[in-house]
Protein chains: 2
Amino acid sequence: MEKTIIGLEQAAQTLKLLGDKTRLTILGLVKNGECCVCEFVEVLQMSQPSVSQHLRKLRDAGLVKEQRRGQWIFYSLNTAHETYPIIRQVLDQIPGQQEKLKALAEAGLRIQCD
Amino acid sequence: MEKTIIGLEQAAQTLKLLGDKTRLTILGLVKNGECCVCEFVEVLQMSQPSVSQHLRKLRDAGLVKEQRRGQWIFYSLNTAHETYPIIRQVLDQIPGQQEKLKALAEAGLRIQCD
DNA sequence: TGAAAATATAAGTATATGCTTATATGATAA
DNA sequence: TTATCATATAAGCATATACTTATATTTTCA
């Protein structure tokens, strides 16, 4: 009656990526939409290279996808990935990060592209 | 509408513990019952000190609890812990480890105490 | 074309992690 | 009490991780 999709090894690798406060916050931020790197930098209050390196790990594992729009690169959850169900479960059980994006928007720092 | 119980920091710390193949297997093994250390050693095919060290991490974080019975120490899921819901969700999404315990039982290596 | 902005990558470093071997503790049985 | 079994702990070591600073790449705009 099990409907396990991913193997234990891949689950462990995915959970290791989630087991970091910065990356977990990043995933919480893109839970309902996309963000660009400078927004992560602003919200997380950490250096741009450090943020980029975390994003690369998430992207290499397929957990997020990137899309360039102009000079910005936007990251979003890769809902098509096989690990997405487990990630969704986890994200639904931790505090939402939406209010941080709201604060960004109120400060006029949210990036909007057309 | 969020019913998040644990904070992001604690979630990250818990997920880091789950992000290891050995520990994830251990949790899978105690998903439906308790096991003693020698059973973990047998199933995982790794050294006893290494297993003990993983168990200590899980116990220190409160994810599992231990109970001594005779010369054996049995470990089981700490269902009362605040991180239990998230752990349960994860365990329900990875392959079960029950068949390994079944193999142990058939080999007459399962520990039974009264 | 050239400068500036956004992002990525590389290299270096300090700390964390997971194993090993050796030893300690605690319970049982002779 | 002494030996043995099950488990825990300590110390040492190799690798992984997450940051820093410096530099490269790509896009936009003047």
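So that the names make sense, note that chain A is the first sequence line, chain B the second, and so on, each numbered from 1.
Taking atom CG on A/L58 and atom P on D/dT17, their separation rounds to 13 Å, with Å as the unit. One interatomic measurement links the two molecules: CD1 of B/I73 to P of C/dT25, which rounds to 15 Å at whole-angstrom precision. Rounded to an integer number of Å, the gap from A/W72 CH2 to C/dA4 P is 18 Å. Atoms CD1 (A/I26) and P (C/dT7) sit 13 Å apart, rounded to a whole Å. The CG-P distance, from A/D20 to D/dA16, rounds to 17 Å in whole Å. Note: CG (B/L24) to P (C/dT17) measures 17 Å, nearest angstrom. Spacing between atom CZ of A/R69 and atom P of D/dT28 amounts to 13 Å, rounded to whole angstrom units. Straight-line distance from the CG atom of B/L109 to the P atom of D/dA6: 11 Å, rounded to whole Å.
Scored by the salt bridge (Lys or Arg N to Asp or Glu O under 4.0 Å) test, A/E42 finds no partners at all (sequence neighbours excluded). In this structure, the side-chain hydrogen bond (donor to acceptor under 3.5 Å, both in side chains) partners of A/R59, at least two apart in sequence or on a different chain, are A/E66. Partners of B/A103 under the side chain to side chain contact (heavy atoms under 4.5 Å, CB included) rule, at least two apart in sequence or in another chain, do not exist in this structure. For A/R110, the salt bridge (Lys or Arg N to Asp or Glu O under 4.0 Å) partners at least two apart in sequence or on another chain are A/E39. Residues satisfying the salt bridge (Lys or Arg N to Asp or Glu O under 4.0 Å) test with B/K57, not counting sequence neighbours, are none. For A/S76, there are no side-chain hydrogen bond (donor to acceptor under 3.5 Å, both in side chains) partners two or more places apart in sequence or in a different chain. Contacts of A/R88 classified as salt bridge (Lys or Arg N to Asp or Glu O under 4.0 Å), with partners at least two apart in sequence or in another chain: A/D92. Residues meeting the side-chain hydrogen bond (donor to acceptor under 3.5 Å, both in side chains) test with B/Q48, sequence neighbours left out: B/S52.
Judged by distance alone, the side chain of A/N78 and the main-chain N or O of A/G62 form a donor-acceptor pair under 3.5 Å. Judged purely by atom type and a 3.5 angstrom limit, B/H81 uses its side chain to pair as donor or acceptor with the backbone of B/A61. The backbone N or O of A/L8 lies less than 3.5 Å from no partner atom in the side chain of A/Q10, so there is not a single donor-acceptor pair. Counting only distance, with no hydrogens or angles, the side chain of B/R23 and the backbone of B/L17 share a donor-acceptor pair below 3.5 Å.
For the OP1/OP2 pair of C/dT17 and a distance below 4.0 Å, the side-chain nitrogens and oxygens of B/H54 include no atom meeting the criterion. Contact annotation: A/R56 reaches the phosphate of C/dT9 (side-chain N/O to OP1 or OP2, under 4.0 Å). Close to D/dA8, at under 4.0 Å from its OP1 or OP2, lies a side-chain N or O of B/Y75.
Helix bend of the helix from C/dT1-D/dA30 to C/dA30-D/dT1: the angle between its two end axes, each built from five pairs, comes to 10° after rounding to 10°.
Nucleic acid contact class of B/F40 (heavy atoms, under 4.0 Å, all strands): none. Nucleic acid contact for B/K21: none, since no nucleic acid atom lies under 4.0 Å from a heavy atom of the residue.
For the pair A/L55 and B/R23, both in contact range of DNA chain C, the more 5′-proximal nearest nucleotide belongs to A/L55.
Proximity of residues 7-18 of chain A to DNA chain D (heavy atom under 4.0 angstrom from any strand atom) is restricted to A/K16. For DNA chain D, the residues of residues 60-68 of chain A within the heavy-atom distance limit of 4.0 Å (strictly under) are A/R68, sorted by number.
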For nucleotides 20-24 of chain C, which of its nitrogen or oxygen atoms have a protein nitrogen or oxygen under 3.5 Å away, and what is each distance?
unit_1, atom_1, unit_2, atom_2, d
C/dT20, OP2, B/S47, OG, 3.1
C/dT20, O4, B/Q53, OE1, 3.4
C/dT20, O4, B/Q53, NE2, 3.2

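Within the cation-pi definition used here (under 6.0 Å to the ring centroid, within 45° of the axis), B/R69 qualifies as a partner of B/F74.
Defined by atom type and a distance below 3.5 Å, a donor-acceptor pair is present between the side-chain atoms of B/Q97 and B/K100.
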